[in-house]
**Q** 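The structure that follows is given in the form of C-alpha cells.
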Amino acid sequence: MKKGEKRWLQGYNGILSGVLVLLGFTTCDENGMGTGRCEYGTPYAKYEIKGKVMNEQQQIVPDARILVKNMAPATNDLYNRIIPDTVYTKENGEYLYQKSITGYRNFRVICEDLSGTYKSDSTVVKMNPTGGSGWYEGKDSKEINFKLKKKD
C-alpha cells in the first residue's frame, strides 16, 4: 500500500470514530436499543457447603477439620499450589463453609479428625449455581455429612 493511501485511511478512520463518539454509539450495547450497560469484572457465584461429622455409632465428632479444595485442571503448576480453605466443626459436629468464588464449580471436601482417632474421609462436590444475572452466576448450597470410621 502506498504511503499516501495509508495516511488517508488512518485519517478517514479517525474522523469516523469521532463521529460515532459524538453521536453516542457505544460498544457495550447488549440489546441494540441503547439501554445496555457495560460490565467489567469476572463471573462469580456464592457457594455454601454445610453438614455434620459423626462416627459410625452416630456420635458427634467435635473439632474436626474440613478442607475445601477448588478442583481445577492440572494443566498449570499454579493450580497445583492453590491452598484449600479450612473450617472446623462446632461442638455439635456441624460445619459451614460459605464463599463467593470466581471460576470454580467443583470442590473436594476433606474431613480430618484432629484427635487422630478416626480415618479421614473426602468427597467431590459439584456445584451448579442458579438465579444470577450479569457477572453474578447465582448461588448453590450442598449438605455433605461425614461418617468417620475408627482407625485400626
Side-chain angles (χ1 to χ4, degrees), residues 10 13-14 16-152:
Q10 287 175 338
N13 286 339
L16 284 178
S17 295
V19 169
L20 290 174
V21 168
L22 291 174
L23 292 175
F25 291 99
T26 65
T27 59
C28 296
D29 190 6
E30 64 190 29
N31 59 11
M33 302 297 289
T35 58
R37 62 175 184 203
C38 295
E39 290 187 33
Y40 298 97
T42 57
Y44 73 98
K46 293 181 181 178
Y47 296 124
E48 177 181 271
I49 301 172
K50 60 185 176 180
K52 198 167 194 174
V53 180
M54 303 183 89
N55 63 16
E56 292 179 301
Q57 289 76 33
Q58 300 298 319
Q59 296 172 328
I60 294 168
V61 178
D63 301 321
R65 179 171 48 196
I66 308 295
L67 301 171
V68 181
K69 293 184 176 184
N70 300 327
M71 303 228 354
T75 57
N76 187 337
D77 285 339
L78 175 63
Y79 289 125
N80 295 328
R81 288 180 259 153
I82 294 175
I83 298 171
D85 288 329
T86 305
V87 294
Y88 295 90
T89 58
K90 300 176 185 173
E91 289 179 7
N92 61 1
E94 295 178 354
Y95 69 93
L96 175 64
Y97 169 78
Q98 294 176 317
K99 193 159 188 178
S100 293
I101 300 177
T102 300
Y104 299 104
R105 289 183 181 231
N106 299 326
F107 302 90
R108 175 165 296 280
V109 181
I110 303 165
C111 178
E112 299 175 335
D113 175 36
L114 297 179
S115 70
T117 307
Y118 301 99
K119 295 179 184 178
S120 297
D121 193 10
S122 70
T123 187
V124 174
V125 178
K126 296 182 187 241
M127 303 298 259
N128 186 21
T130 57
S133 66
W135 286 118
Y136 175 59
E137 294 178 330
K139 61 182 177 177
D140 194 6
S141 179
K142 301 281 186 202
E143 185 168 341
I144 306 297
N145 296 313
F146 289 98
K147 190 182 288 187
L148 299 181
K149 297 178 181 178
K150 204 164 195 147
K151 285 185 176 178
D152 297 333

**Q** Ignoring hydrogens, what is the shortest heavy-atom contact between Asn128 and Arg105? Give both atom names and the distance.
**A**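 Heavy-atom minimum between the residues: OD1-NH1, 3.8 Å.
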**Q** How long is the gap from CD on Glu137 to OH on Tyr44, to the nearest 0.5 Å?
**A**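 These two atoms lie 10.0 Å from each other.
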**Q** About how many Å separate OH of Tyr47 and OG of Ser100, when rounded to the nearest 0.5 Å?
**A**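 Ser100 atom OG to Tyr47 atom OH measures 9.5 Å (nearest 0.5 Å).
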**Q** Quick one: does Val68's side chain get under 4.5 Å of Pro84's, heavy atoms only?
**A**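 No - every pair of side-chain heavy atoms lies 4.5 Å or more apart.
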**Q** State, to 0.1 Å, how close Thr42 and Trp135 come at their nearest heavy-atom pair, and which atoms those are.
**A** C-CE3, 3.5 Å
**Q** Applying side-chain contact (heavy atoms from CB on, under 4.5 Å), run through Val109 and Tyr97 and close with a yes or a no.
**A** CA-CA 10 Å; Val109 181; Tyr97 169 78; over 6 Å; no
**Q** Are any non-hydrogen side-chain atoms of Ser115 and Asp63 less than 4.5 angstrom apart?
**A** no
**Q** Would you say NZ of Lys90 has more than 12 non-hydrogen atoms from neighbouring residues, nucleotides or ligands within 6.0 angstrom?
**A** no
**Q** Using every non-hydrogen atom in the two residues, find where Tyr95 and Ile49 come nearest and quote the distance to one decimal.
**A** CE1-O, 3.9 Å
**Q** To the nearest 0.5 Å, what is the distance between CD on Gln98 and NZ on Lys139?
**A** 10.0 Å
**Q** Please round to the nearest 0.5 Å and tell me the distance separating atom CG of Asn55 and atom CZ of Phe146.
**A** 14.5 Å
**Q** Ring pair (Phe, Tyr, Trp, His ring centres under 6.0 Å) with Tyr118: which residues, sequence neighbours excluded?
**A** none
**Q** What closest approach, in Å, do Val61 and Met54 show between heavy atoms, and which atom pair accounts for it?
**A** CG2-C, 3.7 Å
**Q** Are Glu48 and Leu96 close enough that some pair of their side-chain heavy atoms sits under 4.5 Å apart?
**A**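 They are in contact (side-chain heavy atoms under 4.5 Å apart), so the answer is yes.
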**Q** More than 12 heavy atoms of other residues, nucleotides or ligands under 6.0 Å from CD of Glu91: yes or no?
**A**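 No, not enclosed.
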**Q** With rounding to the nearest 0.5 Å, note down the distance linking CE in Met127 to CE in Met71.
**A** 13.5 Å
**Q** Minimum heavy-atom separation for Lys52 to Asn145, with atom names?
**A**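 Result for this residue pair: N-OD1, 2.8 Å.
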**Q** Counting only N and O atoms by type, is there a donor-acceptor contact under 3.5 Å from the side chain of Thr89 to the main-chain atoms of Glu94?
**A** no
**Q** For Tyr136, does the six-membered ring have the charged nitrogen or CZ of Lys46 within the cation-pi criterion, i.e. under 6.0 angstrom from the centroid and within 45° of the normal?
**A**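 Judged by the rule (NZ or CZ under 6.0 Å from the ring centre, within 45° of its axis), Lys46 counts as positioned above Tyr136.
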**Q** If you look at every heavy atom in Glu112 and Ser120, which pair is closest and at what distance?
**A** CG-OG, 3.5 Å
**Q** I'd like to know if Lys149 and Glu56 make a salt bridge, using a cut-off of under 4.0 Å between side-chain N and carboxylate O.
**A** no
**Q** Looking at CD1 of Ile101 and CG of Asn70, how far apart are the two atoms once the value is rounded to the nearest 0.5 Å?
**A** 5.0 Å
